[in-house]
Amino acid sequence: MDQPHQALSPDEVVRAGLCVGCGGCAGLRAEALEMKLDAFGQLKPRGPAAEVASLAFARTCPFSPGAADEDAIATARFPAATGRDERLGRHEATYIGYVAEGDYRARASSGGLATWTAATLMERGLIDAVAHVAPDPGERLFSYVVSRNVDALRAGAKSRYYPVELSGVVRAILAAPGRYAVIGVPCFIKAIHLLRAQDPRLAERITHTIALFCGHMKSARMAESFAWQMDARLEDAEGFDFRLKIPDQPANWYVAAIDLPGGDQRRKHWWDMDDGDWGAGFFQNSACDWCDDVAGETADLTVGDAWIEPYSADGRGHNVAIVRDPALHVLFEEAAADGRLALTPATADTVAETQAAAFRQRREGLAYRLAVTPPALPLAKRVAPRTDLPPRRKLIYSARRHIARTSHRLFWLARRLRRPALYRAWARSVLSVYVALAYGRGRLGKILDRWR
Ligand SMILES: Cc1cc2nc3c(=O)[nH]c(=O)nc-3n(C[C@H](O)[C@H](O)[C@H](O)COP(=O)(O)OP(=O)(O)OC[C@H]3O[C@@H](n4cnc5c(N)ncnc54)[C@H](O)[C@@H]3O)c2cc1C
């Protein structure tokens, strides 16, 4: 892998808006860096080492210009991969399906493959522990934990659209020899492989990586905003579910649920929230504007939601899966033959189609952002800058950036003034413009539809 020539500090990455908050840096510098929530509810490294530039950090931060990119990492990890695709990366097999055995699917966000794969590796004695995300009894809603048995792992199923970070699990893995699997969004799995390249103990101990397809990361304020809109306070919550599974409703009609004391559960459809359109970009981490890895290209396995019909209409949930590790390919084929997994082979095009919006945002949208507002650090992306897009596409990409940036600031103000209505009125109005622009909805949408 290429080695960087320039040292870099965590603060430089934060100032450039490129810190995704993964905590990889703090994992290696326990004595001098800690991950803390900032005023916008995003995790950032703090401490004496934050200002110190080093080559080690430049090599391991997933948004550093000096870090190996996804192609370099995947080429080194999967040299003999039979499948190659510019969107999905190197791979052995691609599927749509779900876990047929037990209640993995019912307890999962989609088809349950993420938890089932980690649990099966553990049951077969191939790993000792799994680093994944579970409810946090402390100040934060959710955090990374290391689960050492299947019950603990299963208790952490479901997607958490909430800031989490890896420093604690990196330290735990450094402290206790064993074989670990790590589950995470693509940039976190990239960070894990960059850390593995830096520290031989991590290289030896982290034996499996499972990525989740990723649209983008949200700040902690999204959960807070949803709580406001369910007439609840997040501080009172005994549980929070971003995606309550309702089998007889379409899978893509997300329902958020908050559990309050006394058995009171409040539920609300994301569509009925002022800021519940995922793609509009509310509370998006700014680093995600510079990411070109939707499909977790450096992971042994990537799983996501099969967002195409007929699967998205089925509330029981379907995964889309990309298998890169040949041994996992064998495991999946055996489990499918035994009826433990229900898997249908899917072409790379079909898999990419399930994530069409994310690929547009991270290919065409990224190319446009690189051309009009290049990042403050010289990132080498796998997409070339371009501006030759239809005007409406340009407006959609610009609207998303505006919504992301303004949502952080206005929510901060509304929270400080204790006036949720301030943020909510803005969110409603900006969302009505966005849906007109993106989907042609409403009177404005009809007018825009005449102008392509
Ligand atoms: C921020 C984010 C954005 C996503 N964007 C997309 C997208 O655009 N398209 C798409 O198809 N899928 C996306 N996903 C993945 C999707 O929501 C499901 O997690 C995925 O389909 C796996 O479902 P499952 O039923 O197999 O997983 P489950 O069996 O429910 O298990 C999920 C596993 O992931 C872990 N986990 C949950 N949240 C996090 C987190 N924030 N970071 C690390 N690990 C976590 C859990 O602890 C659990 O081990 C996203 C997930 C996240 C967290």
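As the structure lists them, so they are numbered: ligands from 1, and atoms in each ligand from 1. Everything numeric in this text was worked out from a predicted model, so none of it was measured.
Checking only distances, Ala358 never comes within under 3.5 Å of ligand 1, N or O to N or O. Here's the thing with Thr115: one of its N/O atoms is less than 3.5 angstrom from an N/O atom of ligand 1. Between Leu212 and ligand 1, a contact under 3.5 Å exists for no N or O pair. Between His216 and ligand 1, not a single N/O pair is under 3.5 Å apart. Ligand 1 has an N or O atom lying under 3.5 Å from an N or O atom of Gly112, backbone or side chain. Residue Arg160 has at least one nitrogen or oxygen atom sitting less than 3.5 Å from a nitrogen or oxygen atom of ligand 1, judged on distance alone. Distances between N or O atoms of Val185 and those of ligand 1 include no value under 3.5 Å. For a threshold of 3.5 Å applied to N or O pairs, the pair formed by Gly304 and ligand 1 contains at least one separation below that value.
When the options Tyr161, Trp307, Trp116, Phe188 are ranked by their closest heavy atom to atom 2 (C) of ligand 1, first place goes to Tyr161. Compare Phe213, Tyr254, Phe359 by their heavy atoms: the one nearest to atom 14 (N) of ligand 1 is in Phe213. Remark: among candidates Ala306, Gly156, Ala155, Cys214, the nearest residue to atom 3 (C) of ligand 1 is Cys214, based on non-hydrogen atoms.
With Phe78 as the aromatic partner, Arg90 does not meet the cation-pi criteria of under 6.0 angstrom to the ring centre and within 45 degrees of the ring axis.
Closest to atom 18 (C) of ligand 1 among all protein heavy atoms lies Ser159 OG, 3.1 Å. Looking at atom 30 (O) of ligand 1, its nearest protein heavy atom turns out to be Lys158 N, 2.8 Å. Closest protein heavy atom to atom 9 (N) of ligand 1: Gln355 OE1, 2.8 Å. For atom 5 (N) of ligand 1, the closest non-hydrogen atom of the protein is Gly215 N, 3.0 Å. Looking from atom 44 (N) of ligand 1 to the surrounding protein, the closest heavy atom is Val133 CG2, 3.5 Å. The nearest protein atom to atom 23 (O) of ligand 1, hydrogens excluded, is given as Ser110 OG, 2.9 Å; this is a heavy-atom distance. Closest to atom 11 (O) of ligand 1 among all protein heavy atoms lies Asp305 N, 2.7 Å.
Classification of Asp275 and Arg221 as a salt-bridged pair fails, no side-chain N sitting under 4.0 Å from a carboxylate O. Checked for salt-bridge contact, Asp289 and Arg400 miss the test: no charged N lies under 4.0 Å from a carboxylate O. In summary, Arg77 and Asp300 engage in a salt bridge, as defined by a charged side-chain N under 4.0 Å from a carboxylate O. Ion pair Arg179/Asp128 flagged as a salt bridge, since at least one NZ, NE, NH1 or NH2 atom sits closer than 4.0 Å to an Asp/Glu carboxylate oxygen. Salt bridge present: Glu334 and Arg124 bring a charged side-chain N and a carboxylate O closer than 4.0 Å. Between Arg87 and Asp349, at least one side-chain N (NZ, or NE/NH1/NH2) sits under 4.0 Å from a carboxylate O, which counts as a salt bridge. A salt bridge links Arg382 with Asp71: the distance from a Lys NZ or Arg NE/NH1/NH2 to an Asp or Glu carboxylate oxygen falls below 4.0 Å.
Shown in contact with Ala108 at under 4.0 Å from a heavy atom are these atoms of ligand 1, numbered in order with element: 25 (O), 28 (P), 29 (O), 30 (O). The distance from ligand 1 to the heavy atoms of Asn319 drops below 4.0 Å at these ligand atoms: 21 (O), 22 (C), 23 (O), 24 (P), 26 (O).
Qualifying side chain to side chain donor-acceptor pair (under 3.5 Å) partners for Ser407, counting only residues two or more places apart in sequence or in other chains: none. In terms of the ring-ring contact (aromatic ring centres under 6.0 Å, His included) criterion, residue partners of Phe282 (sequence neighbours excluded) are, by chain and number, Trp426.
Contact between Arg243 and ligand 1 is present, with at least one heavy atom of the residue lying under 4.0 Å from the ligand. Contact annotation: Tyr144 has at least one heavy atom less than 4.0 Å from an atom of ligand 1. Under the 4.0 angstrom criterion for non-hydrogen atoms, Gly111 is in contact with ligand 1. Under a 4.0 Å heavy-atom criterion, Arg105 is not in contact with ligand 1.
Between the CZ atom in Phe142 and the CZ atom in Phe242 there is a gap of 5.5 Å [rounded to 0.5 Å].
None of Glu92, His91, His329 except one satisfies the side-chain hydrogen bond (donor to acceptor under 3.5 Å, both in side chains) rule with Thr82; the exception is Glu92.
Side-chain atoms of Tyr180 and Arg205 include no donor-acceptor pair closer than 3.5 Å.
The side-chain heavy atoms of Val182 and Phe188, taken from C-beta on, include no pair separated by under 4.5 Å.
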